[in-house]
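First the structure, in the form of structure tokens, and then the observations on it.
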Amino acid sequence: MATSKEFTKEVLDAFGARNVRVRPMFGEYGIYCEDKFVGVICDNTLFLKVTEPGESFAPSLDKASPYPGAKEHLVIPVEKFSDAEWMHELLDLTWAALPVPKPKKKP
């Protein structure tokens with residue numbers, strides 16, 4: 001089952017005014033925050049990258065692989081989408097723990 005555009009809108013709404021965007025990726029969507037890749041949306045499920053601060057903040061979250069061969073990610077339940085403060089805190093912690101992307105080389 002592919003992710004619906006309505007679900008991607010729900011995810012963006014859950015993150016509010018943060019600088020978050022989604023990009024199509026392999027039939028699903030990648031999630032970027034200020035140009036850092038922070039997670040994916042697959043099969044109408046939000047997955048954020050696992051980081052130590054994120055796990056400490058939300059230790060009860062399940063982990064799963066968004067697609068075969070992928071590393072485990074934190075599975076964010078839809079019920080949490082309405083808790084803007086919680087969503088913002090988890091995103092901020094995840095974003096801060098991830099490395100800055102390497103600049104792309106010009107051809």
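Keep in mind that this is a model prediction, so the values were computed, not measured.
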| Heavy-atom check, side chain of Ser56 versus side chain of Thr51, under 4.5 Å |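 No. Closest side-chain heavy atoms not under 4.5 Å.
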| said: Can you confirm if the NZ or CZ of Arg23 lies within 45° of the ring axis of Tyr29 and under 6.0 Å from the centre of its six-membered ring? | reply: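 No, Arg23 and Tyr29 do not form such a contact.
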Which pair of heavy atoms, one from [X] and one from [Y], lies closest together, and at what distance?
X     : Y     : answer
Val40 : Met25 : CG1-CE, 3.5 Å
Leu61 : Pro77 : CD2-CD, 3.6 Å
Cys42 : Tyr67 : SG-CD2, 4.2 Å
His73 : Pro66 : ND1-CD, 3.5 Å
Val38 : Cys33 : CG1-CB, 4.1 Å

How many angstroms lie between atom [atom1] of [X] and atom [atom2] of [Y], to the nearest 0.5 angstrom?
X     : Y     : atom1 : atom2 : value
Thr94 : Lys36 : OG1   : NZ    : 10.5 Å
Leu90 : Glu85 : CG    : CD    : 12.5 Å
Glu34 : Arg21 : CD    : CZ    : 11.0 Å
Ile41 : Thr8  : CD1   : OG1   : 6.0 Å

| Would you say the side-chain atoms of Ser65 and Glu72 include a donor-acceptor pair closer than 3.5 Å? |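 Per modelled atom types, Ser65 and Glu72 side chains form no pair under 3.5 Å.
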| said: Please determine whether residues Val20 and Phe47 belong to a single hydrophobic cluster, defined as Ile, Leu, Val, Met, Phe, Trp and Tyr linked transitively by side-chain heavy-atom distances below 4.5 Å. | reply: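 Val20 does not cluster with Phe47.
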| query | Is Val75 reachable from Leu46 through a run of I, L, V, M, F, W or Y residues, each pair having side-chain heavy atoms under 4.5 Å apart? | reply |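 No: no chain of side-chain contacts under 4.5 Å links Leu46 to Val75.
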| field | Positive for ring-ring contact (aromatic ring centres under 6.0 Å, His included) with Trp86, one of Phe15, Phe57, Phe81 | value |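 Running ring-ring contact (aromatic ring centres under 6.0 Å, His included) over Phe15, Phe57, Phe81 with Trp86 returns exactly one hit, Phe57.
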| query | Is a side-chain donor or acceptor of Glu55 paired with a backbone partner of Val50 at a separation under 3.5 angstrom? | reply |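 Not confirmed, Glu55 side chain does not pair with Val50 backbone.
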